[in-house]
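Letters go in sequence order (proteins before strands), and every chain restarts at 1.
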Number of protein chains: 2
Amino acid sequence: MRLTERKIAAALRRHGYKLTPQRRSVIRAIASSQDHLTPAAIYLKVRQDHPSIGLVTIYRTLDILVRLELICELHAGGSCHSYTTGAPEHHHHLICSNCGEVIDFSGYYLTELEQRLSRETGFKIEGHLLEFIGRCQNCQQND
Amino acid sequence: MRLTERKIAAALRRHGYKLTPQRRSVIRAIASSQDHLTPAAIYLKVRQDHPSIGLVTIYRTLDILVRLELICELHAGGSCHSYTTGAPEHHHHLICSNCGEVIDFSGYYLTELEQRLSRETGFKIEGHLLEFIGRCQNCQQND
DNA sequence: ATATAAATGATAATCTTTTTCATTTACAGC
DNA sequence: GCTGTAAATGAAAAAGATTATCATTTATAT
Ligand SMILES: [Mn+2]
Ligand SMILES: [Mn+2]
Ligand SMILES: [Zn+2]
Ligand SMILES: [Zn+2]
């Protein structure tokens, strides 16, 4: 279950950020989409009901939301960065290399591996990135 | 054990690519460095003994080398993409969020998870990205 | 040596992201 | 409801990263 617009907005405020119409709009754009969106795509969506917003504000807002883990960031694919609403539970991504569809999956944990790495290297692990790339069923057929 | 300049060059040829001095130079730059290098950093290094090379050639060469899995690509961090020599064995990366040090580790496989995902989603898995971010021992001390 | 397809580099175009700074605004406190 | 203030915004520009085009050069098979 993904975080709702309302919850994300509340969390923003809780962390001391002001709740501006621009930020609401960015959050709505992300939360109302199933897909993962690039900053440019979010910009386009947001401008529909907020024509004067600057692209800078998109970037600044995304920064904050990622930092607070309210949205999640994907790294793979062409334009490299894109965003979807975060889920309260820890999860990872499966991405179609052809159409870009993203599937969240959960129930897989890397804690043991993290402990092993920490022990063997002395690193203090802060996070990880686990993504699978593949072809979705649709794209396998339409080849 | 990382792939050597010689082996990478040989593999390039084996796949039907011409072995130009520019490509040799890019390979040498990567293979002679412990670090992972951005395209821009590789460009700077290569220009030392090949001043007239174009940045485009760097990008084109990196493309090929990644495709043939002769070098490996990192996604994390500031400029997002950087490259190190590939290792013959499958491995993943542990990256220091402060100084950028990269540690390869192997012996961890995701085949079971890939099968589960394939079964549950119908995706045909093509690859994955697994990276850990943390603080190396050095950077933990010098805080 | 020659022929030829592949590779290169100059140039420009196109994106993406970050900086700077003057103006505006959310909201805490009264 | 006002007011003050720090935070947020947007315009503009700069900086960075990546890709496209195309005439010229070059590696290599024959
Ligand atoms: Mn997700
Ligand atoms: Mn590696
Ligand atoms: Zn697909
Ligand atoms: Zn470090």
Provide, to the nearest angstrom, the distance between the [atom1] atom belonging to [X] and the [atom2] atom belonging to [N].
X: A:Glu73; N: C:dT17; atom1: CD; atom2: C1'; value: 13 Å
X: B:Ile64; N: C:dA7; atom1: CD1; atom2: P; value: 6 Å
X: B:Tyr17; N: C:dA5; atom1: OH; atom2: P; value: 17 Å
X: A:Ile53; N: C:dT23; atom1: CD1; atom2: P; value: 21 Å
X: A:Tyr59; N: C:dT20; atom1: OH; atom2: P; value: 18 Å
X: B:Arg14; N: D:dT28; atom1: CZ; atom2: P; value: 15 Å
X: A:Ile42; N: C:dT17; atom1: CD1; atom2: C1'; value: 14 Å
X: B:His15; N: C:dA7; atom1: NE2; atom2: P; value: 14 Å

**Asked** Is the shortest distance from a Lys or Arg side-chain nitrogen in A:Arg116 or A:Glu120 to a carboxylate oxygen in the other one below 4.0 Å?
**Response** yes
**Request:** With side-chain contact (heavy atoms from CB on, under 4.5 Å) as the test, would you mind laying out the steps for B:Thr121 and A:Phe105 before giving the verdict?
**Result:** CA-CA 10 Å; B:Thr121 65; A:Phe105 66 93; over 6 Å; no
**Prompt:** Looking across every strand, which nucleic acid part, if any, lies under 4.0 Å from A:Leu55 by heavy atom: base, sugar-phosphate, or nothing?
**Reply:** base
**Asked** So what does B:Thr38 hit on the nucleic acid, given a heavy-atom distance under 4.0 Å: a base, only sugar-phosphate, or nothing?
**Response** nothing
**Message:** Tell me whether the NZ or CZ atom of A:Arg13 lies within the 45° cone about the ring axis of A:Tyr17 and under 6.0 Å from its centre.
**Reply:** no
**Request:** Go through the steps to decide whether B:His75 and B:His81 satisfy the test side-chain contact (heavy atoms from CB on, under 4.5 Å), and finish with yes or no.
**Result:** CA-CA 5 Å; B:His75 264 261; B:His81 292 129; 3.4 Å; yes
**Complete:** Apart from A:Leu129 itself, its cluster of hydrophobic side chains linked below 4.5 Å comprises B:Leu129
**Asked** Think A:His50 has a side-chain N or O under 4.0 angstrom from the OP1 or OP2 of D:dT9?
**Response** no
**Asked** For D:dA7, does OP1 or OP2 lie under 4.0 Å from any side-chain N or O of A:Arg13?
**Response** no
Between [options], which one does the side chain of [X] approach most closely?
X: B:Arg60; options: D:dG10, C:dC27, C:dG9; answer: C:dG9
X: A:Val56; options: D:dG10, D:dA8, D:dT19; answer: D:dG10
X: A:Lys18; options: D:dG10, C:dT17, D:dA7; answer: D:dA7

**Request:** Run the numbers on B:Ser32 and B:Lys45 for side-chain contact (heavy atoms from CB on, under 4.5 Å), then give the verdict.
**Result:** CA-CA 10 Å; B:Ser32 70; B:Lys45 272 191 100 180; 3.1 Å; yes
**Request:** Could you pull out all residues at least two apart from B:Tyr108 that satisfy side chain to side chain donor-acceptor pair (under 3.5 Å)?
**Result:** A:Tyr108
**Prompt:** What are the residues of residues 20-27 of chain A, sorted by number, that bring a heavy atom to within less than 4.0 Å of DNA chain D?
**Reply:** A:Thr20, A:Gln22, A:Arg23
